[in-house]
Amino acid sequence: MAEHNSIAPIRLGVNVDHVATLRQARGTTYPDVVAAARAAVAAGADSITVHLREDRRHIQDADVEALTAIGELVVNLEMALTDEMIEIALSRQPRDACLVPERREELTTEGGLDVAGQLEAVTAALQRLHAAGINAALFIDPEAEQIDAAARAGAHHIELHTGAYADASDDADRETQRARIASAAEHAAAQGLEVHAGHGLTVDNVGPIAAIPAIVELNIGHALIADAVFVGLSEAVRAMRAAMDAGRRALD
Ligand code: PXP
């Protein structure tokens, strides 16, 4: 039996971008992103993630302002590596920020940030965010080269991209991708990096990722908001928490 004490509990960050997607589809004032964030936390989320994209396709600057104005709310701001976004982070002071790659034509964040290929720029951005007291992270693919670069750049933590796992075509591929994430997480933790993960996770596929001991936080959005259409956001968050906790318990 594994030593339970040695396994960190797993946290859930709820990404509310697609509450804003629904609002922006009609240019209405509803559904309310702040109300969604409050409901998610009341149902068991540990933090709220928003991605302020350069094209403002879902989350707007006013959403970031409203969320970061709520003192007790832990906000994780996902952002591109641009001066504009860094200035916004510095002025709004979310507790966490995560640098992600961004391409205007993509539907979602398709891959991890190439930290190794732009080490100087990433290091400088992390320094500016850290100097303001923001825990700055990097969203990267589960590859040793990127993890090593993230450690060198001075990231507070990393978030491993789980998209290839979520999109696996069959069980064998899914297991290959899970093992890749598990060994990347161990490699990062051995270098003192806190490890988060996310992208494409659902109530059905989250268990094996929650069962990776080195991962301490998952960020989940699209599938949660999709489930909320049928069961409501609170129940969707509770079901995701239960699936994560069941996966974690498999370590006992
Ligand atoms: N983590 C990061 C860095 C992301 O960019 C996204 C998508 O915005 C997520 C997690 C959540 O992914 P999903 O919406 O597929 O759950």
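Atoms within a ligand are numbered from 1 in the order they appear, just like the ligands themselves. All residue numbers refer to positions in the sequence shown, counting from 1. The model shown is predicted, which means the values in this text are computed figures rather than measured ones.
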* Asked: Can you list the steps and then say if T49 with N219 is a side chain to side chain donor-acceptor pair (under 3.5 Å)?
  -> CA-CA 7 Å; T49 294; N219 276 306; 2.9 Å; yes

* Would you call R57 and E102 a salt bridge, using N to O less than 4.0 angstrom? -> no

* Asked: With a cut-off of 4.0 Å, which atoms of ligand 1 are near a heavy atom of E159?
  -> 1 (N), 2 (C), 3 (C), 10 (C)

* What atoms of ligand 1 come closer than 4.0 angstrom to any heavy atom of G200? -> 12 (O), 13 (P), 15 (O), 16 (O)

* Asked: Between H222 and H18, what is the ring plane arrangement, given parallel below 30°, perpendicular above 60°, and tilted in between?
  -> perpendicular

* Do the charged groups of D46 and R241 touch, with an N to O distance under 4.0 Å? -> yes

* Structure fact -> Under 4.0 Å from one or more heavy atoms of I220, ligand 1 contributes atoms 16 (O)

* Under 4.0 Å to a heavy atom of V100 - the qualifying atoms of ligand 1, by number -> 3 (C)

* Asked: Would a distance-only check, ignoring hydrogens and angles, find a side-chain to backbone donor-acceptor pair under 3.5 Å from R95 to V74?
  -> no

* To do: Taking atom CZ of R38 as the centre, report whether more than 12 heavy atoms of other residues, nucleotides or ligands fall under 6.0 Å from it.
  => no

* Output yes when R180 and E143 qualify as a salt bridge under the 4.0 Å nitrogen-oxygen rule, no when they do not. => yes

* Counting each atom of ligand 1 from 1 as listed, which ones have a heavy atom of N219 under 4.0 Å away? -> 10 (C), 11 (C)

* Atoms of ligand 1 less than 4.0 Å from H222 heavy atoms? -> 13 (P), 14 (O), 16 (O)

* Mark up the atoms of ligand 1 that fall under 4.0 Å of a heavy atom belonging to G221, in ascending order. => 13 (P), 14 (O), 16 (O)

* To do: Using a strict cut-off of 4.0 Å, indicate which atoms of ligand 1 neighbour a heavy atom of E78.
  => 1 (N), 2 (C), 3 (C), 4 (C), 5 (O), 6 (C), 8 (O), 10 (C)

* For atom 8 (O) of ligand 1, which of N15, L113, V14 has the closest heavy atom? -> N15

* Decide whether the shortest distance between a heavy atom of A223 and an atom of ligand 1 is less than 4.0 Å. => no

